[in-house]
Protein chains: 4
Amino acid sequence: MQGEKLDKKTQIVKTALRLFSEQGLQQTSMAQLSKESGVAVGTMYLHFKSKDELVEGLFLHIQEAFGKAIDLSDSEMKASYKDRFFILGRKVHHYYVNNPAHFFVVNTLNYSPYISKEITELGRTYYQQSVDLMAEGLENGSFQPINIVLLIRFIYNAVIALVQVQLKDNVEVTEHMIDQNIERIWKAIT
Amino acid sequence: MQGEKLDKKTQIVKTALRLFSEQGLQQTSMAQLSKESGVAVGTMYLHFKSKDELVEGLFLHIQEAFGKAIDLSDSEMKASYKDRFFILGRKVHHYYVNNPAHFFVVNTLNYSPYISKEITELGRTYYQQSVDLMAEGLENGSFQPINIVLLIRFIYNAVIALVQVQLKDNVEVTEHMIDQNIERIWKAIT
Amino acid sequence: MQGEKLDKKTQIVKTALRLFSEQGLQQTSMAQLSKESGVAVGTMYLHFKSKDELVEGLFLHIQEAFGKAIDLSDSEMKASYKDRFFILGRKVHHYYVNNPAHFFVVNTLNYSPYISKEITELGRTYYQQSVDLMAEGLENGSFQPINIVLLIRFIYNAVIALVQVQLKDNVEVTEHMIDQNIERIWKAIT
Amino acid sequence: MQGEKLDKKTQIVKTALRLFSEQGLQQTSMAQLSKESGVAVGTMYLHFKSKDELVEGLFLHIQEAFGKAIDLSDSEMKASYKDRFFILGRKVHHYYVNNPAHFFVVNTLNYSPYISKEITELGRTYYQQSVDLMAEGLENGSFQPINIVLLIRFIYNAVIALVQVQLKDNVEVTEHMIDQNIERIWKAIT
DNA sequence: TATGAATGAGTGTTCATTCAT
DNA sequence: GATGAATGAACACTCATTCAT
């Protein structure tokens, strides 16, 4: 039962992710989602009370997967601060490049009225470790003094710039370019 | 006649800008736009053949205003390269902070299927001077070698980070912080 | 003044005839009619109080032209009854074949709610001579006794059959076939 | 399920038939059709993809019912050729008189751009037997030589003349008058 | 729990008509 | 008389949501 329910829910989320990233949120109807996911419309409404809630669920699903993917392992956490910063940077880049649908959906949602402040906050908890890592850099004097919110946005946006170049401008991006990009960011804030 | 016509079109554009930034594109119906702008539905369709064309028109309107606002004057163009870079950075920041609706609409459209490649390209022509300025920095050796597309995205995203902090996180941003932000960018790419 | 007004009205009627027969009544908007006739929308409403009235006017215009075209001249009226019957039959056929737009518009209107009984009656007055000719055939014993209304519809429909074959089925129709068709009708009712 | 579905579709078709014959196709909106049939707008679109398709469906529905109604039974087919011709003539007349809505809708559609050539052809298959009967009359020498298309149109139009007299001119029509009318047609073409 | 037929408010768009010039 | 910009009711159609099974 529990297994089957998760299956249906997973089917919905996976299909929604694909359709939303391919066509946009509004362009994807619940009927199409039902047809392509193989889950009846009524069943979708057993798992998500409304389309808005489905979008929220999708957002949190992405943030959770993102959080897990960029989590540093125990052994990685033993590296120097700069090394940990670079490891994180690479993980973020690779995550989005390997999950372009997540990238497009999350960025669309960021500027849409679909996601409330509360849900945004809730999503943030999934990558708390990364936020803490940034705070640590401030505290241990690695970074120049700066507003922590700005620091995080600055780094995120700068990493994202290269992801955009790879996914939207279809420029070939090498591992070396990724490292160079993180190097630039490091230079900027230290 | 000419004056009134411009008035109507301006009313539509101004209201659309407000509603689109407040509620999103799809959430704003032509009926609501008509009611709030005080222009009859039919009249709106005399100025824009469809909602899509209205969105395109709005996008180009914003890009044009943006381009004009960040254009360096003849006297400003006589400054040193670094100074010109900073002037541009400040102008971009101030433009978006003074026109938050433009900021939200343009960023929403960036990730939406509303705007075709052609229109995006057309919009780019309005701030060609800034693109050229970035290219100049590469040619005159101010910047480290880097893919020009990445360079522009990197700088834009980094400037935008502070705009987001001011407009979305409601953090008070001083002129000093703006200069510091540009300084960070300059450090990163030189 | 009078001359110009007639000009405008003629322009409207001629263009309406063309557009209505090409596209149908409902598919032709007053705006398109205005553009293609070169008469401003407002001006059209000076000549016809509404689209319905324009359609009525068009109908009467066609019936008048039709009536004039099938009118037997004084010399033709001196022929024997059967000859007059054949002359009339040929005239009707030729009129519709030479004015296919009239044919299609009149037949469309016949089964549409556009034309009221009164207007239909009014239109009938334009070809009273032909109606009288049919009544004469009844009175002089040329025809078998028959309801006059049925007689007229029977003859009209039978003539129209060959027009349809020529205009809708694109069958080549010779003068001989026209005469044969009238001969069939004559045989039927005498 | 099946029963209810058929019910809804039947409700739509019946109401459409009534409204289309009373008011015309274009004058009947999907909203009115919904209200008067007691079927929600959305439901109508489950059964017919568009208004055009509804009209097509209605046309074919009529042609099918017409075809069935005028089909000669096995025993009727054993009659002499002339008798079969008369039986068919009476059936056509009675069908339209008993289904005036069918009469008005089919004749309206005949001169409207709603029905494509393909659909017209498809509709024709429903009364192929009658077409064959006409061809038989040509082959067995009952009729004078004549273009088959013209023959069919001539007979149809002539039968229809009496239907029009009954339905549009509200003239009382007796069985004798129907036979007389067919007699006229028989005389014309033999 | 799972289904999908049914719903009707809401959408973008059209177009006959008006009226200030 | 002549114009055409402006109007808004009406249109065909969509789709998130419900509910009887």
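Values reported hereafter were calculated over all heavy atoms of this structure, with side chains retained and with hydrogens, waters and symmetry mates removed. In what follows, chains carry the letters A, B, and so on, assigned in the order in which the sequence lines appear, proteins first and then strands, with residues in each chain numbered from 1.
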ask   = B/Ser37 and B/Gln11: side-chain donor and acceptor closer than 3.5 Å?
value = no

ask   = When you match B/Gly42 and D/Gly42 each to their closest nucleotide on DNA chain F, which lands nearer the 5' end?
value =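 Looking at the nearest nucleotide for each, B/Gly42 comes out on the 5' side.
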
request  = With DNA chain F as reference, determine whether C/Ser34 or B/Val39 sits nearer its 5' end, using the nearest nucleotide of each.
outcome  = C/Ser34

query = B/Tyr96 and B/Phe66: aromatic ring centres closer than 6.0 Å?
reply =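 Close enough - the centres of the two rings lie under 6.0 Å apart.
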
message = Centre-to-centre under 6.0 Å for A/Tyr114 and A/Phe59, is that the case here?
response = no

What integer distance in Å separates [X]:[atom1] from [N]:[atom2]?
X       : N      : atom1 : atom2 : value
B/Met44 : E/dT14 : CE    : P     : 12 Å
C/Lys9  : F/dG1  : NZ    : P     : 11 Å
B/Ile12 : E/dT13 : CD1   : P     : 14 Å
B/Leu46 : E/dT13 : CG    : C1'   : 12 Å
C/Gln27 : E/dT14 : CD    : C1'   : 13 Å
D/Leu54 : F/dC13 : CG    : C1'   : 13 Å
C/Gln11 : F/dA2  : CD    : P     : 10 Å
A/Phe48 : E/dT1  : CZ    : C1'   : 16 Å

inquiry  = Check the orientation of C/His61 and C/His102. Use parallel for under 30°, tilted for 30 to 60°, and perpendicular for over 60°.
reply    =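 Plane angle over 60°, so perpendicular.
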
inquiry  = Need one value for B/Ser29: base, sugar-phosphate or nothing, where a base atom within 4.0 Å counts as base even if backbone is also close, heavy atoms only.
reply    =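 Sugar-phosphate contact only.
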
Looking only at the side chain of [X] (C-beta and beyond, no hydrogens), which of the listed nucleotides [options] gets closest?
X       : options               : value
C/Ser50 : F/dA6, E/dT17, F/dT3  : E/dT17
D/Lys51 : F/dA2, F/dC13, E/dG8  : F/dC13
D/Tyr45 : F/dT14, F/dT3, F/dA16 : F/dT14

inquiry  = For the CD atom of B/Glu36 and the NZ atom of B/Lys14, what is their distance to the nearest 0.5 Å?
reply    = 13.5 Å

query = Mind checking who E/dT18 pairs with, Watson-Crick or G-U wobble, both distances under 3.5 Å?
reply = F/dA5

Counterpart base for E/dG12, defined by Watson-Crick or G-U wobble contacts under 3.5 Å =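 Its partner is F/dC11.
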
inquiry  = On DNA chain E, does the nearest nucleotide to C/Met30 precede the nearest nucleotide to B/Val41 from the 5' side, or the other way round? Give the residue.
reply    = B/Val41

Nearest-nucleotide comparison on DNA chain E, the residue closer to the 5′ end among D/Gly38 and C/Lys49 =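 The residue closer to the strand's 5' end, by nearest nucleotide, is D/Gly38.
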
ask   = Does D/His47 put a side-chain nitrogen or oxygen below 4.0 Å from OP1 or OP2 of E/dA5?
value = no

ask   = Is the shortest side-chain N/O distance from D/Lys8 to OP1 or OP2 of E/dT7 below 4.0 Å?
value =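 Yes.
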
